[in-house]
Amino acid sequence: MIKQPIDTFEPNYDEDKVPIFKVPNPLEMFCGERVNTIEEWEGRRRPELLDFFTHNVYGKVPGELKFSSFRIVEQSNSAIEGKAKRKQVELIFKKNKRTLSFNILIYLPKNVSRAPVFMGYNFYGNHTVTNDSKIIISDAWTVNNESLGITNNRLDEHSRGVCASRWQVESVIDAGFGLATLFYGEIDPDKNDMTDGIHPLLYTRHQQRPKSDEWGSIAAWSWGLSRVMDYLEKDLDIDATKVVLFGHSRLGKTSLWASATDQRFAAVISNNSGCGGAALSKRKYGETIGRINHRFPHWFCNNFKTYSNNEEQLPVDQHELLALIAPRPLYVASAEEDRWADPRGEYLSAYYATSVYRLYNKKGVDSIDMLSVNQPIQNRLAYHIRKGKHDVTEYDWEQYIKWARMQLFE
Ligand code: GCU
């Protein structure tokens, strides 16, 4: 019999067909022991969970590599209608006779001396986040998107400013925050080729692909965010203790993993991150582990393939990824029409992670019943589901800015 490929089946969008499953308890060790205190959580349970996600889901970074130098490529004192400073900073990495570099675009409000910042990857290059003609266009390989004028896997003038609605730079600046963003393709091009991007800089001799428990692309992109943090800590215009990591979709998965592995990030926002991000895998609603591993074989480590169509065997679920971020502020956001990312699974994940926030006396979401559309709960662990589709909108940013101010300054 010929086996039918997984992506030819209809995904499940029927709540009645969601399997009955036991949600792993974040406050219970794999051996069954209960965790009752912050010391037990931080000393034993958190490390065992982090270890599981590292070796079986995202993959471990196989060595240390810090930037060997950085260069301010361009800067100006009059960006965004004169309200902001702009810097474009290149970080340079050298190893294994190879060099990799990437460009961070930074806007900072002129009226704040050490600014808190939102930071996150963009999908199609720094020049897409505003119409600013001074932003350098990346020459890295990119996924095509014809509706944005991106063809031949290259970026050019046609796409300047095309993702501006997803960034709301002016509102961020007006709220007294800076923005630091970079193109994820400069760290690792988003294709199933592990000979480009950052991976080969950390290969051993003759290695062509990561080992089964070594980093996929999400872990590589997360690594990149930590290296940007290394730079932000050196930039005196920035308050590196107040960096709010933001990510949409695959880059939301990335931001969650980056803040689980690097506790310097003060807060994190997961926008529509779905499968392998905030959504519970064991619900098998919309995108599943089998589908994501089939379509994006390079995102996770190879060991994660063990759980394709085999979610029952997973000893963890994604609420425990969220719990790894506790007690730092965490915002999970869904969109009503984004069924592929399983909004209810994202909500439940926040709900089941709340017990760990409670351990720290911090609030999350208390009701197992889903929230109504456009009715956010903005606690330390926050959630909203908004009207509309898979995207980042002005509404989302209004919530994030309001919540980040509350969490970082009140
Ligand atoms: C695909 C993928 C999702 C991902 C999304 C995105 O839809 O299946 O897992 O989140 O792309 O990054 O936009």
How far apart are the closest heavy atoms of [X] and [Y], and which atoms are they?
X	Y	answer
Ile401	Ala175	CG2-CB, 3.4 Å
Met194	Pro200	O-CD, 4.0 Å
Pro26	Glu320	CA-OE2, 3.3 Å
Arg339	Glu336	CG-O, 4.3 Å
Asp366	Arg358	OD1-NH2, 3.2 Å

Practice problem: Under the side chain to side chain donor-acceptor pair (under 3.5 Å) rule, what do Tyr121 and Ser255 come out as? Steps first, then yes or no, please. | Solution: CA-CA 9 Å; Tyr121 278 123; Ser255 294; over 6 Å; no

Just by distance, do the side chain of [X] and the backbone of [Y] share a donor-acceptor pair under 3.5 Å?
X	Y	result
Ser349	Ala278	yes
Asn25	Leu27	yes
Gln208	Thr195	no
Asp342	Arg283	no
Asp196	Asp188	no
Glu311	Ser308	no
Arg71	Ile92	no
Asp391	Thr393	no
Arg328	Ser259	yes
Arg46	Leu324	yes

[X] and ring pair (Phe, Tyr, Trp, His ring centres under 6.0 Å): which partner among [options]?
X	options	answer
Trp223	Phe93, Tyr58, Trp257	Phe93
Trp397	Phe177, Trp403, Phe118	Phe118
Phe123	Phe183, Trp221, Tyr184	Tyr184

Tell me whether [X] at atom [atom1] has more than 12 heavy atoms from other residues, nucleotides or ligands lying less than 6.0 Å away.
X	atom1	result
Glu15	CD	yes
Lys305	NZ	yes
Asp14	CG	yes
Glu394	CD	no

Quiz prompt | Audit row: Lys134, Asp132, salt bridge (Lys or Arg N to Asp or Glu O under 4.0 Å) steps and yes/no | solution = CA-CA 6 Å; Lys134 292 288 172 12; Asp132 186 338; over 6 Å; no

Quiz item: Just checking, Arg380 and Tyr357: is the charged tip under 6.0 Å from the six-membered ring centre and within 45° of the axis?
Solution: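 No, Arg380 and Tyr357 do not form such a contact.
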
Quiz prompt | Test: Lys253 cationic atom under 6.0 Å from Trp299 six-membered ring centre, within 45° of axis | solution =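 Not satisfied by the 6.0 Å and 45° rule.
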
Parallel, tilted or perpendicular: rings of [Y] and [X] (30°, 60°):
X	Y	result
Phe304	Phe300	tilted
His248	His390	tilted
Tyr400	Phe246	tilted

Practice problem: In sequence, state the C-alpha distance, the side-chain angles, and the governing distance for Arg295 and Glu287, and then conclude on salt bridge (Lys or Arg N to Asp or Glu O under 4.0 Å). | Solution: CA-CA 10 Å; Arg295 176 135 171 249; Glu287 188 170 32; 5.4 Å; no

Practice problem: Output, in order, the C-alpha distance, side-chain angles, deciding distance and verdict of side-chain contact (heavy atoms from CB on, under 4.5 Å) for Ile198 and Lys95. | Solution: CA-CA 10 Å; Ile198 187 62; Lys95 192 148 177 162; over 6 Å; no

Quiz item: With sequence neighbours left out, which residue pairs that include part of residues 395-410 fulfil the salt bridge (Lys or Arg N to Asp or Glu O under 4.0 Å) condition?
Solution: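 Matches after skipping sequence neighbours: Arg386-Asp396.
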
Under 3.5 Å, side-chain donor or acceptor atoms of residues 371-378 against the rest of the protein: list the pairs with distances, not counting sequence neighbours.
| from | atom 1 | to | atom 2 | distance (Å) |
| --- | --- | --- | --- | --- |
| Asn374 | OD1 | Lys387 | N | 3.0 |
| Gln378 | NE2 | Tyr331 | OH | 3.1 |
| Gln378 | NE2 | Gln399 | OE1 | 3.2 |

Exercise. Could you walk me through whether His298 and Asp190 pass the side chain to side chain donor-acceptor pair (under 3.5 Å) test, one step at a time?
Key: CA-CA 8 Å; His298 56 293; Asp190 193 355; 2.8 Å; yes

Quiz item: Does the side chain to side chain donor-acceptor pair (under 3.5 Å) test come out yes or no for Tyr352 and Asp317, once each step is laid out?
Solution: CA-CA 10 Å; Tyr352 288 118; Asp317 210 333; over 6 Å; no

